[in-house]
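Everything on this sheet refers to the single structure shown next.
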Amino acid sequence: MKLHEFNARDYISDMWIYLAALLGLYFLRRWYRERQTMEKLTEKYVFITGCDCGFGHQLARQLDARGLQVLAACLTHKGAEELAKISSERLKTTVLDVTSTESVKAAMKWVEGCVGNKGLWGLVNNAGIAHPSGPIEWLTKDDFAKLINVNLLGTIDVTLHMLPLMRKARGRVVNMSSINGRLAGSGSYSITKFGVEAFSDSLRRELSPFGIKVSIIEPSAFTTSILNNVEVNFRKTWDRAPSDIKEVYGQQYLESCCTLINQVYVKKANTNLYLVTDCMEHALTSQYPRTRYSAGWDAKLFHIPLSYMPTFAADYVITCFSPKPAQAV
């Protein structure tokens, strides 16, 4: 074997060693930076929407236990009362419908009275819904509008009203997106989450000069109220679809979709909500929050890598797992 062949092998071997060393230093530096937390956390106010149950409810209790000044907004009086009962006296609750600008204005005035001159450190736009859902052809314009009004326009409206208070504290905005905001799955739901991603990216760049940081949370399927009655709601969408649409898709398509929903989204949904709320907490308390947080191994190992693949590859993988309509060619 010639000498230059040995040299080439040595060069390649050394290259991989240097690359591994650089990656190791990168992750070590990131680990060290992300362990550094903000000072005087017990003096900081955080406003969270959608605290009746799920991620918002748990995050409110989690931050309250850590000593932050939590301002929790619930959709119902019952949700607000139940959260207040199991929390410390620091935690304060209010009722908020993010689809109503009057309700948002009232919440902003309430938050302003709570924070005073300190300003609002954290805003967590968590409120969201996932229904009506189904194949796009089964849905109406009003179905899309219902999801957009809550998931996207509600997030935008709350943010716009809270920004003057946040500028005082040079705080954090944490927006709840989804892995469906990176890789389109459910048409109606994904549309709203892609919108949240675009809004958050634009907001982050525009608020950077004011010292305000924006983070996006992208969880996969978790056991929250969004998954409650998911099959029932899916069948309701089918029931009101026009008869010609039902003929195109067929009853077997419906049953296959319901089986897929139960096997993939309901039965395999992650029950550990801390995987998501810990990301939220880090975005609010770390000196160096991430721009994006993915929660759930299926998000990290399947959905996100697939989102970076060429479109034809992602389409192929997704359609391979999708049921076929009765009149598919």
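These figures come from a predicted structure and were not determined experimentally.
Remark: Glu255 engages Arg235 in a salt bridge, criterion side-chain N to carboxylate O under 4.0 Å. The residues Lys193 and Glu218 are annotated as not salt-bridged, no charged nitrogen and carboxylate oxygen being separated by less than 4.0 angstrom. A salt bridge does not link Arg61 with Asp64: none of the charged nitrogens is closer than 4.0 Å to a carboxylate oxygen.
In the hydrophobic clustering of ILVMFWY residues, with side-chain heavy atoms under 4.5 Å counting as a link, Leu160 and Trp110 come out together. Linking ILVMFWY residues whenever their side-chain heavy atoms come closer than 4.5 Å, directly or via other members, leaves Leu75 and Ile129 in distinct clusters. Residues Phe199 and Val214 are members of one and the same hydrophobic cluster, defined by side-chain heavy-atom contacts under 4.5 angstrom among Ile, Leu, Val, Met, Phe, Trp and Tyr. The hydrophobic clustering, which links ILVMFWY residues whose side-chain heavy atoms are closer than 4.5 Å, places Leu71 and Met280 apart.
Tyr288 belongs to no hydrophobic cluster, as no Ile, Leu, Val, Met, Phe, Trp or Tyr side chain comes under 4.5 Å of its own.
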Stepwise side-chain contact (heavy atoms from CB on, under 4.5 Å) check, Ile304 with Lys300: CA-CA 6 Å; Ile304 290 180; Lys300 297 176 187 292; 5.5 Å; no
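In this model, no donor atom of one side chain and acceptor atom of the other lie less than 3.5 Å apart for His282 and Asp278. A donor-acceptor contact closer than 3.5 angstrom is absent between the side chains of Gln263 and Thr259. Between the side chains of Ser133 and Asn233, no donor-acceptor pair of N or O atoms lies under 3.5 Å. In this structure, a donor-acceptor pair under 3.5 Å is absent between the side chains of Asn270 and Ser220.
Inter-residue side-chain proximity for Phe47 and Leu96 is flagged as met; some heavy-atom pair is nearer than 4.5 Å.
Across Val124, Leu284, Leu91, a single residue satisfies side-chain contact (heavy atoms from CB on, under 4.5 Å) together with Leu63, and that is Leu284.
Side chain of Ser188 to main chain of Pro132: a donor-acceptor pair is present (N/O by atom type, distance under 3.5 Å, no hydrogens or angles). Between the side chain of Asp143 and the main chain of Thr140, a donor-acceptor pair closer than 3.5 Å is present. A donor-acceptor pair under 3.5 Å is formed between the side chain of Asn126 and the backbone N or O of Gly50. No side-chain donor-acceptor contact under 3.5 Å links Ser190 to the backbone of Ala184.
When ring centroids are compared, Trp138 and Tyr249 come within the 6.0 Å threshold.
For the residue pair Ser177 and Pro219, the shortest heavy atom distance occurs at O-CD, 3.8 Å.
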